[in-house]
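Read the structure below first, then the notes.
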Amino acid sequence: MNAPFPSPAKPPLRLIIAAPRGFCAGVDRAIEIVERAIEKYGPPVYVRHEIVHNRFVVDGLKAKGAIFVEELDEVPDGVPVIFSAHGVPKSVPAAATARGLEWLDATCPLVSKVHRQAERQIGEGRHILFIGHAGHPEVIGTFGQVPEGAMSLVETVEDVAALDLPADADLAYMSQTTLSVDDTAAIIAAIQARYPHVSAPKAEDICYATSNRQAAVKKVAPECQLMFVIGAPNSSNSLRLAEVAQRAGVCSQLIQRASDIDPAWLEGVDTVGLTAGASAPESLVNEVVDRLKDLREVTSEQIVTATETISFKLPKQLIA
Ligand code: 2E7
Ligand code: F3S
């Protein structure tokens, strides 16, 4: 019998995995709320909007008995409904209560904090300049905390220049939690230059998870020629990670899972970075590492730029 052909040696690849990456405390809490609600009430439990922006998380919860819908009127009477981690306008829980639905709020507590601050600023008579991305559910939810017209959306520095508010208007600025730290700083600087008396939030609205994951990418990116960001195309924080890498001068690819990797991307590449957005499970990170190991002789290391210990309490209905 002929000896089998020796398999050609795989070229080496250095893999640098960023930390922190992946699930944040708000995502852990939101997923646990759905799981515990299914245990408590029995399936099905309805969830308004993807609990977090990741189809693998959503599919896993569907398999356990969750049903995902976009609007409350898709939820039948008599079943519990959960609001996603991104938050909802006040009208949504109000409508659920009016229908006698049992509801649970998986809004990240850091988003709820922004909601309360928005109400406070409006209560004190200020108009809010809200820095965020139009159409994102978090932005829709936060705008829905205050009367119509009480808040203006600012997406760019150019939007600040185009604002049609008098120089002495009583203003406060606030932001979405998952923005680019650098872009937001530039927008805030533009707001402060135009309205020097503008009221600032007591603490930064961009959350700890968003800023930690961006800082980790900034540390890893200069070492690599290609950076993979695991996350969904509708995940704001994941998109920002891909942008941060790109701006640090490294080509970045937002991928949903290992099979999205085109081996041609690795041609001529000897160092790859890897991170994951706040809604991407660690199982997908492991899947990507395994795929890279199939393609190349991988030596991996982790760069840790912060340690996260934060966790959030569950809603009182779910605490035994
Ligand atoms: C809620 C909030 O689900 P995500 O991808 O959401 P984003 O807002 O980044 O599109 O990530 C988790 C998460 C982040 N922020 C959930 Cl307000
Ligand atoms: Fe909350 Fe930030 Fe995660 S706002 S859901 S801790 S990305």
Side-chain angles (χ1 to χ4, degrees), residues 18 20-34 47-61 66 68 70 82-89 92 105-118 130-145 155 174-181 183-184 201 203-217 229-244 254-257 275-282 284-285 306-315:
R21 64 174 174 278
F23 281 5
C24 59
V27 167
D28 280 334
R29 175 179 181 269
I31 294 171
E32 196 174 345
I33 288 173
V34 180
V47 185
R48 183 189 175 279
H49 192 68
E50 288 186 317
I51 187 75
V52 298
H53 291 147
N54 189 280
R55 74 170 131 107
F56 305 99
V57 171
V58 166
D59 288 347
L61 293 172
F68 289 84
E70 276 311 306
I82 299 169
F83 307 135
S84 85
H86 316 93
V88 284
V92 173
D105 190 3
T107 303
C108 175
L110 300 180
V111 175
S112 303
K113 191 188 84 181
V114 175
H115 290 180
R116 288 193 302 272
Q117 292 301 321
F130 190 82
I131 309 165
H133 297 294
H136 188 280
E138 182 184 347
V139 175
I140 294 168
T142 304
F143 269 69
Q145 303 304 309
E155 293 189 81
M174 309 190 71
S175 89
Q176 195 176 337
T177 55
T178 53
L179 300 181
S180 150
V181 170
D183 285 353
T184 307
E204 177 77 69
D205 292 328
I206 295 178
C207 76
Y208 79 97
T210 296
S211 46
N212 284 349
R213 280 151 192 68
Q214 288 178 21
V217 166
V229 178
I230 304 173
N234 60 338
S235 168
S236 168
N237 79 88
S238 306
L239 288 166
R240 303 293 81 79
L241 294 177
E243 245 170 46
V244 165
L254 184 73
I255 55 171
Q256 305 219 53
R257 69 179 319 165
T275 188
S279 43
E282 186 67 8
L284 295 175
V285 173
T307 314
E308 296 177 343
T309 53
I310 186 166
S311 68
F312 297 126
K313 277 193 300 200
L314 292 171

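All of these numbers come straight from a predicted model, not from anything done at the bench. The basis for the numbers below is simple: all heavy atoms, side chains too, and nothing from hydrogens, waters or symmetry mates. Just follow the structure's listing: the first ligand is 1, and inside any ligand the first atom is 1.
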For this session: Evaluate the criterion salt bridge (charged side-chain N to carboxylate O under 4.0 Å, His left out) for residue pair E243 and R240; output intermediate values, then yes/no.
Result: CA-CA 5 Å; E243 245 170 46; R240 303 293 81 79; 3.0 Å; yes
Exercise. Is it true that some N/O/S atom of C108, main chain or side chain, lies under 2.8 Å from atom 3 (Fe) of ligand 2?
Worked result: no
Exercise. How are the rings of H49 and H86 set relative to one another: parallel (under 30°), tilted (30 to 60°) or perpendicular (over 60°)?
Worked result: perpendicular
Problem set entry | Heavy-atom gap H136 to ligand 1 smaller than 4.0 Å | yes
Exercise. Using heavy atoms and a threshold below 4.0 Å, how should the contact between V27 and ligand 1 be classified: side chain, backbone, both, or neither?
Worked result: side chain
Problem set entry | Distance in Å, T142 OG1 paired with H136 NE2, rounded so as to fall on 0.5 Å steps | 10.0 Å
Problem set entry | Protein heavy-atom partner closest to atom 3 (O) of ligand 1 - residue, atom, separation in Å | H53 N, 2.6 Å
For this session: Enumerate the atoms of ligand 1 whose separation from the nearest heavy atom of T177 is less than 4.0 angstrom.
Result: 17 (Cl)
Problem set entry | N234 heavy atom under 4.0 Å from ligand 1 | yes
Problem set entry | Closest protein heavy atom (residue, atom, distance) for atom 4 (P) of ligand 1 | S279 OG, 3.5 Å
Problem set entry | Exam field: side chain Q214 to backbone L179, donor-acceptor pair closer than 3.5 Å | yes
For this session: Please lay out, stage by stage, how E50 and N234 fare under the test side-chain hydrogen bond (donor to acceptor under 3.5 Å, both in side chains).
Result: CA-CA 10 Å; E50 288 186 317; N234 60 338; 3.1 Å; yes
For this session: Run the numbers for me: atoms of ligand 1, each under 4.0 Å from some heavy atom of A85, listed by number.
Result: 1 (C), 16 (C), 17 (Cl)
Exercise. For ligand 1, is any non-hydrogen atom under 4.0 Å from V111's backbone (N, CA, C, O), its side chain (CB onward), both, or neither?
Worked result: side chain
Exercise. Do we see a donor-acceptor contact under 3.5 Å between the side chains of D205 and Q176?
Worked result: no
Problem set entry | Donor-acceptor contact present, side-chain T210 to main-chain I206, <3.5 Å | no
For this session: Please assess F83 against V47 for the test side chain to side chain contact (heavy atoms under 4.5 Å, CB included), listing each intermediate value before the final yes or no.
Result: CA-CA 6 Å; F83 307 135; V47 185; over 6 Å; no
Seminar exercise, completed: min-distance protein heavy atom vs atom 14 (C) of ligand 1 -> T178 CG2, 3.7 Å
Exercise. Which atoms of ligand 2 are found less than 4.0 Å from any heavy atom of G26?
Worked result: 5 (S)
For this session: For atom 3 (Fe) of ligand 2, grab the closest protein heavy atom and report residue, atom and distance to one decimal in Å.
Result: C24 SG, 2.2 Å
For this session: Heavy-atom distances under 4.0 Å are what count here, so tell me which part of C207 touches ligand 2: side chain, backbone, both or neither.
Result: side chain
Problem set entry | Interatomic spacing from CG in L284 to CG in N54 - rounded to 0.5 Å | 6.0 Å
Seminar exercise, completed: Nearest non-hydrogen contact to atom 6 (O) of ligand 1 from the set E50, Q176, E138, H86 belongs to H86
Problem set entry | Closest candidate by heavy atom, reference atom 11 (O) of ligand 1, pool N237, V52, L110 | N237
For this session: Decide whether an N or O pair under 3.5 Å exists between S238 and ligand 1.
Result: no
Exercise. Closest non-hydrogen protein atom to atom 4 (S) of ligand 2, residue and atom name please, with distance?
Worked result: T177 OG1, 3.3 Å
For this session: Using distance alone, with no hydrogens and no angle criterion, decide if T177 and E138 have a side-chain donor and acceptor under 3.5 Å apart.
Result: yes
Seminar exercise, completed: Rounded to the nearest 0.5 Å, the CG atom of D105 sits from the CD1 atom of I33 at a distance of 7.5 Å
Exercise. Which bit of S235 is near ligand 1, meaning a heavy atom under 4.0 Å away: side chain, backbone, both or neither?
Worked result: both
Exercise. At what distance, to the nearest 0.5 angstrom, does SG of C24 lie from CZ of R213?
Worked result: 6.0 Å
For this session: Under 4.0 Å from a heavy atom of Y208: give me the atoms of ligand 2 that qualify, with their elements.
Result: 6 (S)
